[in-house]
2 protein chains.
Amino acid sequence: MLTIGKLGAAAGVKVPTIRYYEQIGLLPDAERSTGNQRLYSRAVQDRLAFIRHARELGFPLDAIRDLLGLSDRPDQSCAEVDAIARTQLIAVEGRITRLQALKGELARMVDHCAGGTISDCRVIEVLGNHAHCAADHGRHMPCVSE
Amino acid sequence: MLTIGKLGAAAGVKVPTIRYYEQIGLLPDAERSTGNQRLYSRAVQDRLAFIRHARELGFPLDAIRDLLGLSDRPDQSCAEVDAIARTQLIAVEGRITRLQALKGELARMVDHCAGGTISDCRVIEVLGNHAHCAADHGRHMPCVSE
DNA sequence: CCTAATGTCTCTAGGAACTAGAGGTTCAAG
DNA sequence: CTTGAACCTCTAGTTCCTAGAGACATTAGG
């Protein structure tokens, strides 16, 4: 059994964040030592690692709660998880595309910067170009940039 | 010239968010009509679209402020700009790396989920397992954050 | 065994980036 | 000229943490 500090170090999550996750029900109420300190099993460590990764990758806590809820009821069909994962996959691909455009522009600036000025900075155009958008906000809000 | 509502619709940003961006200095104080309503040029629309995209990609407002600064001061010497661009370039590369890791994991989840039940999916393991991380944050090191 | 350092406890408050609401004003269509 | 949508300011709430205060618990060294 791990103390909260060890757990946090192992999962890369700060101690107050762990207590916060418990408070909002994302982690179960921890067992306590005789001195009232929280103790955690390996299973909780996995759960926390999952939450941490999912957060890092942009899932809101509500979505994470859903995913965890699904894996807490292991006899259900995968359809729902599959749908969530597919949706997220498409969004992630769009993000990567746009980040690569931005990366290209930043790299260009760093290259061209040798001794000159930035009069030709085009970062705004690079990310302003909706052609690189994933489908997500293109559908609801038409891209009116021209 | 656009009203705030039109601008918001064009850029996919809610009206109160635009006023908030003005308040914190991310957008310039808008010109006003005779009736005191905000009016926006095409340049502001591009700037707002940029902010929106950058936010979507997970940049904090401070980083966006830096990025916008690159194009706001086109006559400035390269040293400062170069530093900002390099810093942001590293952040972008880190983001891309982690997103590619996520993409792989989501693809894994979709594969494993095909037609099965959740007990086969092992959702927590897939995202919780550090062995599949491209961005290495081993058990004892906190994940690299930007 | 005692003590000092470190870790943990609860609780409250703050911060980032919005978001929603109240109560009032302005604009544009009929 | 009226009416309803869109706008104004201001305050307060939301999400997801993060930091601090003051007190109790655990552990390594002497």
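Quick caveat, the model's predicted, so the values are computed rather than measured.
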Next on the checklist: Among D/dT18, C/dA17, D/dA25, which nucleotide has an atom closest to any side-chain atom of A/Q37?
Outcome noted: D/dA25
Checklist entry - Can you find a heavy atom in the side chain of A/Q37 that is under 4.5 Å from one in the side chain of A/I4? => result no
Next on the checklist: How many whole angstroms separate atom CE of A/M1 from atom P of D/dA25?
Outcome noted: 19 Å
Next on the checklist: Classify B/I4 by what it touches in the nucleic acid, base, sugar-phosphate, or nothing, heavy-atom distance under 4.0 Å.
Outcome noted: sugar-phosphate
Checklist entry - Does A/T17 have a side-chain nitrogen or oxygen under 4.0 Å from the phosphate oxygens OP1 or OP2 of D/dC16? => result no
Checklist entry - Is a donor on one side and an acceptor on the other found under 3.5 Å between the side chain of A/R32 and the backbone of A/L39? => result no
Item to check | Interatomic distance, A/Y20 atom OH to A/L26 atom CG [nearest 0.5 angstrom] | outcome: 8.5 Å
Checklist entry - D/dT9 phosphate, OP1 or OP2: any side-chain N/O from B/R32 under 4.0 angstrom? => result yes
Next on the checklist: Under 4.0 Å from OP1 or OP2 of D/dC16: is there any side-chain N or O of A/Y21 that close?
Outcome noted: no
Checklist outcome for this item: Ranking B/Q23 and B/K6 by the position along DNA chain D of their nearest nucleotide, the one closer to 5' is B/K6
Item to check | Minimum-distance nucleotide to B/P16 side chain [options: C/dT19, C/dC18, C/dC9] | outcome: C/dT19
Next on the checklist: Can you see if the side chain of B/R19 gets near the phosphate of C/dC18 - specifically, an N or O under 4.0 Å from OP1 or OP2?
Outcome noted: no
Next on the checklist: Does any part of the side chain of A/T3, heavy atoms only, come nearer than 4.5 Å to the side chain of A/R38, both counted from C-beta?
Outcome noted: no
Next on the checklist: Does D/dA25 have its OP1 or OP2 closer than 4.0 Å to a side-chain nitrogen or oxygen of A/S33?
Outcome noted: no
Checklist outcome for this item: A/Y20 OH to C/dG15 P, in whole Å, measures 18 Å
Checklist entry - Does the side chain of B/R38 get closer than 4.0 angstrom to OP1 or OP2 of D/dC7 through an N or O atom? => result no
Checklist entry - Which whole-number value in Å describes the distance from B/I18 CD1 to C/dA20 P? => result 14 Å
Checklist outcome for this item: To the nearest angstrom, the CD1-C1' distance between B/I24 and C/dG15 comes to 13 Å
Item to check | A/L7 CG to C/dT8 C1', straight-line distance once rounded to whole Å | outcome: 14 Å
Checklist entry - Whole Å only: how far is the CG atom of A/L2 from the P atom of C/dT8? => result 11 Å
Item to check | Value in whole Å for how far the C1' atom of C/dC18 lies from CD of B/E22 | outcome: 16 Å
Item to check | Selected nucleotide, minimal atom distance to B/T34 side chain, candidates D/dC8, C/dC27, C/dC9 | outcome: C/dC27
Checklist outcome for this item: In whole angstroms, the gap separating P of C/dT8 from CG of A/L39 amounts to 10 Å
Item to check | Within-4.5 Å side-chain heavy-atom neighbours: B/S41 and B/M1 | outcome: yes
Checklist outcome for this item: Assign each of B/T3 and A/K14 the nucleotide of DNA chain D bearing its closest heavy atom; nearer the 5' end lies the nucleotide of B/T3
